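This report concerns only the one structure given below.
What you are looking at is a predicted structure, and each value in this text was computed from that prediction instead of being measured.
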Amino acid sequence: MLNENMIEALNKQINEEFFSAYLYLSMSAYFDSIGLKGFANWMMVQYKEEVDHGMKFYNYLLSQGANIKLLPIAETPYKWNSPLNVYEETLKHEQHITKCINDLVDIAEESKDRATFNFLQWYVDEQIEEEENDREIIDKLKLVGDNKSGLFMLDKDLATRTYTPLNTNEEV
Ligand code: OFO
């Protein structure tokens, strides 16, 4: 059984995950609008993964008999200066999500909520990967600089990213 504080915090995290989805969908549209279809694809996959992250919290709350409270999703930015600017903002956003996950782990620990503590470990690992992916793309974009053919190659590379649905009912 989850305590009220934990339930409220997990409901807030559903909102964070759906905001992330919304943000990456907006970034996908931006890339589409400047003709970078591969970058748009990468962000579209990211959008779908974030919906899965939100649904994993949603299913966990339901499995614990807790109430779901869906909060309003904030408006997202829709314009950026460059692909590098988009990925720098993405990394910043993921660092914020990492902090949110760490705060949830703290709440689980403080209330000796072992089930939620274990459940959250998947997100702890996922955040390492998310930040690493963003850093990798930032490094490549810095190397490419103003070189248009380099950007085109990177776009082709990001076009190969595919979406693998997550089993959002699995608790660990
Ligand atoms: Fe981008 O990460 Fe969700 O949790």
Going through the distances and angles, do N3 and M6 end up as a side-chain contact (heavy atoms from CB on, under 4.5 Å)?
CA-CA 5 Å; N3 72 32; M6 193 78 251; 3.3 Å; yes
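- Side-chain contact of E130 with Q46: a donor-acceptor pair under 3.5 Å is present, judged by distance alone.
- With contacts defined as side-chain heavy-atom distances shorter than 4.5 Å, the pair E136/D139 does not qualify.
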When you look at E4 and I7, which way does the side-chain contact (heavy atoms from CB on, under 4.5 Å) test go after all the steps?
CA-CA 5 Å; E4 282 309 314; I7 293 172; 4.0 Å; yes
Pairs of donor and acceptor atoms involving the side chains of residues 83-91, under 3.5 Å and at least two apart or interchain, shall be tabulated with distances.
residue	atom	partner	partner atom	Å
N85	OD1	N81	N	3.0
E89	OE2	K92	NZ	3.2
T90	OG1	V86	O	2.8

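- Residues forming a side chain to side chain contact (heavy atoms under 4.5 Å, CB included) with E129 (at least two apart in sequence, or on another chain): E126, N133.
- Defined by atom type and a distance below 3.5 Å, a donor-acceptor pair is present between the side-chain atoms of Q13 and E17.
- At distances below 3.5 Å, not a single donor-acceptor pair connects side-chain atoms of D113 with backbone N or O atoms of A108.
- Residue pairs meeting the ring-ring contact (aromatic ring centres under 6.0 Å, His included) criterion with at least one member in residues 61-82, sequence neighbours excluded: Y30-W80.
- Among all heavy-atom pairs drawn from D32 and K37, the shortest one is OD1-NZ, 2.7 Å.
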Could you go through N41 and L158, starting from their C-alpha distance and side-chain angles, then the distance that decides it, and tell me whether this counts as side-chain contact (heavy atoms from CB on, under 4.5 Å)?
CA-CA 7 Å; N41 170 66; L158 299 185; 6.0 Å; no
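- Residues satisfying the side chain to side chain contact (heavy atoms under 4.5 Å, CB included) criterion with D52, sequence neighbours excluded, are Y163, L166, T168.
- A salt bridge does not link E16 to K12: none of the charged nitrogens lies less than 4.0 Å from a carboxylate oxygen.
- When side chains are defined from C-beta on, I137 counts as touching W42, because their heavy atoms get closer than 4.5 Å.
- Distance check, rounded to the nearest 0.5 Å: OG of S111 to CG of D106 gives 10.5 Å.
- The shortest side-chain heavy-atom distance between T76 and L25 does not fall under the 4.5 Å cut-off.
- Side-chain atoms of S26 come within 3.5 Å of backbone N or O of P77 as a donor-acceptor pair.
- Side-chain atoms of N11 come within 3.5 Å of backbone N or O of K69 as a donor-acceptor pair.
- Residues I73 and M27 share a single hydrophobic cluster, defined by chaining ILVMFWY side chains whose heavy atoms lie under 4.5 Å apart.
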Begin with the C-alpha distance, continue with both residues' side-chain angles, and end with the deciding distance and a verdict on side-chain contact (heavy atoms from CB on, under 4.5 Å) for E94 and Q127.
CA-CA 7 Å; E94 286 303 330; Q127 282 313 115; 2.9 Å; yes
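- In this structure, Y60 contributes its side chain and T116 its backbone to a donor-acceptor pair below 3.5 Å.
- Within 6.0 Å of atom CG in D146, 12 or fewer heavy atoms from other residues, nucleotides or ligands are found, so the atom counts as exposed in its surroundings.
- Of the possible donor and acceptor atoms, none in the side chain of N169 sits under 3.5 Å from a partner among the backbone N and O of N59.
- Considering every non-hydrogen atom in both N15 and P72, the closest pair reads ND2-O, 2.9 Å.
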In a table with atom names and distances, give each donor-acceptor pair under 3.5 Å that connects a side chain of residues 147-155 to protein atoms at least two apart or in another chain.
residue	atom	partner	partner atom	Å
N147	OD1	S149	N	3.0
N147	OD1	S149	OG	2.9
N147	OD1	G150	N	2.9
D155	OD1	G38	N	2.9
D155	OD1	F39	N	2.9
D155	OD2	G38	N	3.3

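- In this view, Y123 and F57, F119 satisfy the ring-ring contact (aromatic ring centres under 6.0 Å, His included) rule, not counting sequence neighbours.
- Remark: aromatic rings of H93 and F19 are close, center separation under 6.0 Å.
- For N67, the CG atom is loosely surrounded, since the number of other residues' heavy atoms within 6.0 Å does not exceed 12.
- Closest approach of F117 and V105 over heavy atoms only: CE1-CG1, 3.6 Å.
- Annotation: side chain of M44 is not in contact with side chain of F31 (no heavy-atom distance under 4.5 Å).
- Of the candidates F18, Y47, W122, Y58, H53 forms a ring pair (Phe, Tyr, Trp, His ring centres under 6.0 Å) with just one, namely W122.
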